[in-house]
Amino acid sequence: MAFLFRNKQKSHAELTRSTKDLTIRLSQEDKPNPKLEEELARDLQQMKVRLQGTPDTEVNPELVFQLLSAILSDDLLYVLAVNIHKLPFESRKDAQVIFSSAFRYKPAGQTDPQVLHHIVQFRPDIIIALCRGYDRRESAMPCGGVLREALKYDAIAALLLYDEGEDGKQLDLANVNPDVPASGGGIFWRFFDWIDKGAFELSADAFNTFREILTKHKPLVATFLQTNFDVFFSKYNTMLISSESYVTKRQSIKLLGEILLDRANYSVMTQYVDSGEHLKIIMKLLRDDRRMINYEGFHVFKVFVANPNKSIAVQRILISNREKLLRFLPNFLDDRTEDEQFIDEKSFLIRQIEQLPSQPIPQPSAA
């Protein structure tokens, strides 16, 4: 009569425990174990269906809540995050769906997912482990997809920005002082290496997540950049804008322009364009032999020139290069004949450079 029970569905608790145990066992294997992989794949597939349904069946929100509660209670998300690189390809995709479903599901009457409260209050290590997915090619894409889903929430961005990489010490966001500079040892700073040194697909995915952090949480990021201005832009200029990779270089220059031109980052922008060293870096981009690098560099260069309160250092560089710039700019990217905004901006910059004083003029101090 045993055959009558072969298709008996596991309870939520049984399914969660089984998935966790199989994942841990698989992580301890030195070589592929097809039997273990197959059992785990079945569990993950069943869990995915319970969380998101199928084209023919809708999910019951109460059952989703119960399953997610079991997942959080058993710490399954952390176990999956740490070991996702060990899973077979299809199982990695299923694990990504489970994570994403957790971040999308909000209990009735709640504005935030239950997983958000769990991670912030009890298990920020889950987010840190997902970031470390960029250490390996196998886990980069699924972890990146989950991170961008999670980064819809400011609290997740704060966990990434203010992590200090201290093993065994849990970050308490309530006690973070945003005026204290970062040590540079936290998980956020690892993105520079992943973007600069990673293989193409890994680097591209890490950059997408990096961009999401810096552009979707404006007040939070503006404060962070002001406090960590020197360290951040030192790394940004030397590792990203100076990257040997064309794609990384171009994307980074474009992102820099977006950061500087965002109203939320006004204080960051004024500090950036005060620097003569920054201006030198950007002016080199105008002479790069790749036209899209020239174009993206132009959109940062214009911020220096259009600034009505130029520092002495910036004035000195522009004045000493005035004649060269006035010969260079009229023919700069002259094939963009249908880009009216670019043509207008270039004409404006030429007028601004023509009107520069013969010597740098100190700006009046703010009252």
Side-chain angles (χ1 to χ4, degrees), residues 181 192 214 222 224-244 248-334 336 341-367:
F192 289 95
L214 294 174
F224 180 83
L225 291 181
Q226 286 175 57
T227 302
N228 298 284
F229 183 92
D230 291 336
V231 177
F232 178 85
F233 283 107
S234 173
K235 284 181 175 286
Y236 200 99
N237 290 334
T238 57
M239 297 180 74
L240 302 187
I241 287 184
S242 302
S243 174
E244 294 296 316
T248 297
K249 190 181 190 78
R250 179 184 168 187
Q251 286 183 323
S252 300
I253 302 164
K254 184 175 182 179
L255 176 58
L256 175 62
E258 291 177 31
I259 291 170
L260 297 181
L261 291 170
D262 194 306
R263 286 173 180 266
N265 296 320
Y266 180 78
S267 296
V268 174
M269 180 273 288
T270 54
Q271 193 173 350
Y272 190 88
V273 300
D274 261 358
S275 166
E277 291 306 308
H278 291 165
L279 176 57
K280 289 177 187 176
I281 291 168
I282 301 306
M283 286 177 69
K284 285 181 183 176
L285 301 176
L286 302 180
R287 289 195 172 275
D288 193 278
D289 57 7
R290 293 159 294 190
R291 297 180 79 78
M292 287 310 299
I293 299 294
N294 303 152
Y295 180 70
E296 300 299 353
F298 172 83
H299 287 298
V300 180
F301 177 67
K302 72 185 182 187
V303 186
F304 286 90
V305 179
N307 177 20
N309 302 309
K310 299 177 187 67
S311 68
I312 293 293
V314 166
Q315 289 185 67
R316 187 172 288 122
I317 292 168
L318 291 175
I319 291 168
S320 65
N321 287 278
R322 180 189 348 228
E323 298 308 318
K324 290 179 184 176
L325 286 166
L326 291 177
R327 286 196 303 270
F328 173 74
L329 285 173
N331 299 317
F332 176 69
L333 296 182
D334 52 5
R336 300 187 75 89
Q341 181 176 344
F342 170 75
I343 293 169
D344 290 345
E345 288 177 345
K346 190 168 75 165
S347 298
F348 173 77
L349 294 194
I350 290 171
R351 289 196 302 274
Q352 291 294 305
I353 293 168
E354 287 173 338
Q355 293 167 11
L356 286 167
S358 57
Q359 296 292 327
I361 300 173
Q363 295 301 320
S365 299

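A quick note: this is a predicted structure, and the numbers were derived from the prediction, not measured.
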Exercise. Taking the six-membered ring for Trp, are Phe342 and Phe298 ring centroids under 6.0 Å apart?
Worked result: yes
Exercise. Does the pair Lys280/Glu277 count as a salt bridge with the N-to-O cut at 4.0 Å?
Worked result: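 A salt bridge links Lys280 with Glu277.
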Exercise. Does Lys235 NZ have over 12 foreign heavy atoms under 6.0 Å away?
Worked result: yes
Exercise. More than 12 foreign heavy atoms under 6.0 Å from CZ of Phe328: is that the case here?
Worked result: yes
Problem set entry | Nearest non-hydrogen partners of Leu326 and Glu354, listed with the distance |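 Of all heavy-atom pairs spanning Leu326 and Glu354, the closest is CD2-CG, 3.6 Å.
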With no hydrogens and no angle check, is any side-chain donor or acceptor of [X] less than 3.5 Å from a backbone partner on [Y]?
| X | Y | value |
| --- | --- | --- |
| Ser242 | Met239 | no |
| Lys310 | Gln315 | no |
| Asn294 | Asp288 | yes |
| Asn265 | Ile259 | yes |

With sequence neighbours excluded, what pairs up with [X] under the side-chain contact (heavy atoms from CB on, under 4.5 Å) test?
| X | result |
| --- | --- |
| Glu323 | Arg327 |
| Arg316 | Ile312, Pro360 |
| Val303 | Leu261, Met269, Val273 |

Problem set entry | For Phe301, ring-ring contact (aromatic ring centres under 6.0 Å, His included) partners two or more places apart |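 Not a single residue meets the ring-ring contact (aromatic ring centres under 6.0 Å, His included) criterion with Phe301.
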For this session: Assess the side chains of Tyr272 and Asn237: does a donor N or O sit below 3.5 Å from an acceptor N or O?
Result: yes
Problem set entry | Residues that Glu345 engages under side chain to side chain donor-acceptor pair (under 3.5 Å), provided they are two or more places apart | Lys302, Gln341
Problem set entry | All salt bridge (charged side-chain N to carboxylate O under 4.0 Å, His left out) counterparts of Arg287, not counting sequence neighbours | none
